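A quick write-up on the structure given underneath.
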Protein chains: 2
Amino acid sequence: MSPTAQVTPPPRTLTKNEALVFGILNGTDQPLSAYAILDQLRDDGLRAPVQVYRALDRLLEFGMAHRLESLNAFVACNHDHPEEAAQTAFAICESCGKVTEFTDPSLDEYLAYWAKSENFAPTRTTLELRGLCSACQ
Amino acid sequence: MSPTAQVTPPPRTLTKNEALVFGILNGTDQPLSAYAILDQLRDDGLRAPVQVYRALDRLLEFGMAHRLESLNAFVACNHDHPEEAAQTAFAICESCGKVTEFTDPSLDEYLAYWAKSENFAPTRTTLELRGLCSACQ
DNA sequence: GACTGAAATGTTACATCATTACATGAATTG
DNA sequence: CAATTCATGTAATGATGTAACATTTCAGTC
């Protein structure tokens, strides 16, 4: 029982707005707010935040993007093995903004162990490290 | 090197607004937004969000409250040993809202190990489990 | 081709969360 | 008691996220 959110397989192709939003996210290693994404898509006809949030919701469902709760921002998924139901964690550099995604079975095991001992049934876990990446120290 | 935020010792006594805000937080096991706290303090003369946020900032400094990033909400610290510089994690019940705070040395060790292997220097870590508490399953 | 239902998109308005800038008051200390 | 500092108060605004409803697109079917 891994504390991981459900991931729906992506549809055959992304819709226009989904593709636009994913394109922006995928083009940077910086986390972007929904409004920052919107600003970059004005020329493509997007005008309202809800259009971005709708696309983001689907990309999150598909496992193609992640939300960083501590930043209220989003990144494209860069995980090597998104199919495995492993807990994903993030290291966020407070200097350059770079986000590194990582997973580890022992982290899953630890959280599953704690959850079992407390009889807590996790559905979603947020783990975010803030600090300085190796290049910025 | 534990990835834990700096904690300033509390002053001799809390100021009036700090005490009011802490009183509200301490009276519930539910996370409260700053605006929910404000609503409960109208009768005590508080009128603006910034008054609550200022008090919260200090309570966070003193280690007397925590911010739940995934909820944009706050809880009183309920940790058994806040002096130990251990990573604090939260289990948040999505049914009843109850928040359980916990720490574990092995979690600290795991994060410290990962940080060292990546040469990442953490300053602050967010770990929040969402799910169902034992009473709500 | 026209009808139909579902999905995607568009538009407006609003709700919620958080900060900036500046003014006032109260306590401390040199 | 002047100067300083800290706490508080007030107003305005910025940043993030959602609700409600209208319109368009498109696939399947007749």
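Chain A is the first sequence line, chain B the second, and so forth, proteins listed ahead of strands; every chain is numbered from 1. Please read these numbers as outputs of a predicted model, since none were measured by experiment.
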Please check if any side-chain donor atom of A/Arg130 sits under 3.5 Å from a side-chain acceptor atom of B/Thr125, or the reverse.
-> no
Does A/Leu129 belong to the same Ile/Leu/Val/Met/Phe/Trp/Tyr cluster as B/Phe102, with side-chain heavy atoms less than 4.5 Å apart forming each link?
-> yes
From CG of A/Leu14 across to P of C/dA7 the rounded distance in Å is 17 Å
A/Cys93 and A/Leu132: which non-hydrogen atoms are nearest, and at how many Å?
-> SG-CA, 4.0 Å
Using salt bridge (charged side-chain N to carboxylate O under 4.0 Å, His left out) as the criterion, list what pairs up with B/Arg58, not counting sequence neighbours.
-> B/Glu18
Can a side chain N or O of A/Lys16 be found less than 4.0 Å away from OP1 or OP2 on C/dA7?
-> no
Minimal non-hydrogen separation, B/Ile24 against B/Thr28, with atom names = O-CG2, 3.7 Å
For DNA chain C, determine which residues of residues 43-59 of chain A have any heavy atom closer than 4.0 angstrom to one of its atoms, and list them numerically.
-> A/Arg47, A/Ala48, A/Val50, A/Gln51, A/Arg54, A/Arg58
When the ring planes of B/Phe120 and B/Trp114 are compared, do they come out parallel, tilted or perpendicular, using 30° and 60° as the limits?
-> tilted
Taking atom C1' of C/dC17 as reference, at what distance in whole Å does atom CG of B/Leu68 sit?
-> 15 Å
Please determine if B/Glu118 and B/Lys116 form a salt bridge, counting it only when a charged side-chain N lies under 4.0 Å from a carboxylate O.
-> no
Closest non-hydrogen atom pair between A/Pro31 and A/Gly97, with its separation | CD-O, 3.1 Å
Within less than 4.0 Å of OP1 or OP2 of C/dA18, is there a side-chain N or O belonging to B/Arg67?
-> yes
Let me know the distance between CD of B/Glu18 and P of D/dA7, rounded to the nearest Å.
-> 7 Å
Atom pairs under 3.5 Å, N or O on each side, protein against nucleotides 24-26 of chain D: can you list them with distances?
none

Send over the distance from A/Asn17 CG to C/dA7 P, rounded to a whole Å.
-> 17 Å
What pair of heavy atoms forms the shortest contact from A/Cys133 to A/Cys96, and how long is it?
-> SG-SG, 3.8 Å
Provide, to the nearest angstrom, the distance between the CG atom belonging to A/Leu71 and the P atom belonging to D/dT16.
-> 10 Å
Could you give the side-chain donor-acceptor pairs of residues 41-51 of chain B under 3.5 Å, partners two or more places apart or in another chain?
from: B/Arg42; atom 1: NH1; to: B/Arg47; atom 2: O; distance (Å): 3.2
from: B/Gln51; atom 1: OE1; to: B/Arg47; atom 2: N; distance (Å): 2.8
from: B/Gln51; atom 1: OE1; to: B/Ala48; atom 2: N; distance (Å): 2.9

For D/dG17, does OP1 or OP2 lie under 4.0 Å from any side-chain N or O of A/Asn72?
-> yes
Could you tell me which residues satisfy salt bridge (charged side-chain N to carboxylate O under 4.0 Å, His left out) with A/Asp104, sequence neighbours excluded, listed by chain and number?
-> none
Does any residue of residues 33-42 of chain A have a heavy atom under 4.0 Å from DNA chain D, and if so, which ones, in number order?
-> A/Ser33, A/Tyr35
